[in-house]
There are 2 protein chains.
Amino acid sequence: MARFNFEGKPPLEKQEVICPLTLTQNVIAGRWKVIILWHLSQRTIRFNEFQRCLPGISKGILTRQLRELEDDGMVHREVYKEVPPKVEYSLTELGKRFIPILDAMEVWGKEFMEIKLVEHNYYISK
Amino acid sequence: MARFNFEGKPPLEKQEVICPLTLTQNVIAGRWKVIILWHLSQRTIRFNEFQRCLPGISKGILTRQLRELEDDGMVHREVYKEVPPKVEYSLTELGKRFIPILDAMEVWGKEFMEIKLVEHNYYISK
DNA sequence: CGGTATCCGGCTAGATACTG
DNA sequence: CAGTATCTAGCCGGATACCG
């Protein structure tokens, strides 16, 4: 989430007014982040499990998406010093507070699907 | 939102299982869409007004974001046949149902901001 | 006023090879 | 198992010029 950069720590007066909506959007911008957060809202997940949950994702991009979520304080990464290695990902408190958004998105997404299915004359099984 | 394509109308059985979350994410993927939807949740807006609401956006990209939202059924475009031209954008019913997500995103974004400000030793005025 | 048409650059997803 | 390093391709935002 490069657009939100406190590194320079400029005085608050000189900061641009930051929009909470844009901020939220930036945090979850990324092809896999929303669905990653949803999986983590269900349970703790290991790295390799994610590759099975997210068909087609490569190690490289999975690592990056997880790191960015970690950097933004959404995800906790727990490393167990074992052989073979074991790393577990889970939601932080901040990440858990994001769940209402996931729920709202899921509700709306289903409404959207129903409407689009009706428009295209699909039968919708209730 | 090119990833969700019903154009070919394949049988429902052959459709991939579509995730409502991913669907929602795809609809609002776009640099300006969330903030556009928020402005439209406040009031009807004309094209030129948007350019003032969204500092730095160009006509081209504004048009594209609005068209995509229109194509996805989120935004209504009302053209008044006057000279000079007048076009008003507003939320459709589907668009209005999206407002709870905007609200949840705003709440979370503010929490996120507070946490990040505290982490960087900023004083937060209550 | 409210757009199109066109071109361009950067970001980011994705693929592949390698590693502790 | 859980990554890192490197490279590439394509999309998308942005700029600019023009139009009814």
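The chains referred to below are lettered A, B, ... by the order of the sequence lines, with proteins before strands, and numbering in each begins at 1. Values reported hereafter were calculated over all heavy atoms of this structure, with side chains retained and with hydrogens, waters and symmetry mates removed.
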Practice task
Remember a base hit wins even if backbone is also touched, and classify A/Phe50 as base, sugar-phosphate or nothing at under 4.0 Å, heavy atoms.
Solution key: nothing
Practice task
For A/Pro85, answer base if it contacts any base atom (sugar-phosphate contacts may also be present), sugar-phosphate if it contacts only those atoms, and nothing otherwise; contact means non-hydrogen atoms under 4.0 Å.
Solution key: base
Practice task
Indicate, yes or no, whether a donor-acceptor pair under 3.5 Å links the base of D/dA2 to the side chain of A/Arg46.
Solution key: no
Exercise for the section: Check whether any side-chain nitrogen or oxygen of B/Trp32 sits under 4.0 Å from OP1 or OP2 of D/dG14, and answer yes or no. Expected result: yes
Problem - pair B/Val87-B/Glu78: side-chain heavy atoms closer than 4.5 Å - result: no
Handout entry: Comparing A/Arg64 and A/Val87 on DNA chain D - which has the more 5′ nearest nucleotide
Key = A/Val87
Handout entry: B/Arg67 CZ - D/dC12 P separation (whole Å)
Key = 17 Å
Handout entry: Length of the CD1-C1' vector between B/Ile28 and D/dG13, whole Å
Key = 17 Å
Problem - Rounded distance in Å - CG (A/Leu62) to P (C/dA13) - result: 12 Å
Problem - Under 3.5 Å donor-acceptor, B/Trp108 side chain and A/Gly95 backbone - result: no
Practice task
Please determine if A/Glu93 and A/Lys96 form a salt bridge, counting it only when a charged side-chain N lies under 4.0 Å from a carboxylate O.
Solution key: yes
Practice task
Quickly work out the B/Ile61 CD1 to C/dT4 P distance and round it to whole Å.
Solution key: 13 Å
Exercise for the section: Respond yes when some side-chain nitrogen or oxygen of A/Arg77 is under 4.0 Å from OP1 or OP2 of D/dA2, and no when none is. Expected result: no
Handout entry: Nucleotide D/dT4, atom P - distance to NZ of A/Lys59 in whole Å
Key = 11 Å
Problem - Rounded distance (Å) that lies between atom P of D/dG13 and atom CG of B/Leu54 - result: 13 Å
Exercise for the section: Please confirm whether any donor atom in the side chain of A/Arg31 sits under 3.5 Å from an acceptor in the base of C/dG14, or the reverse. Expected result: no
Practice task
Could you check whether A/Gln65 gets within reach of a base, just the sugar-phosphate, or nothing at all, counting any heavy atom under 4.0 Å?
Solution key: sugar-phosphate
Practice task
Using whole Å, report how far NZ of B/Lys81 lies from C1' of C/dG3.
Solution key: 16 Å
Problem - Touch class at under 4.0 angstrom, heavy-atom based, for A/Tyr80 against every strand present - result: nothing
Exercise for the section: Answer yes or no: does a side-chain N or O of A/Tyr89 lie under 4.0 Å from OP1 or OP2 of D/dG3? Expected result: yes
Practice task
Taking B/Thr24 for its side chain and A/Met105 for its backbone only, find out whether a donor-acceptor pair lies under 3.5 Å.
Solution key: yes
Exercise for the section: Grab the CG-C1' distance between B/Leu66 and C/dG2 for me, whole Å please. Expected result: 11 Å
Handout entry: Residue pair A/Phe50 / A/Ile36, side-chain heavy-atom distance below 4.5 Å
Key = yes
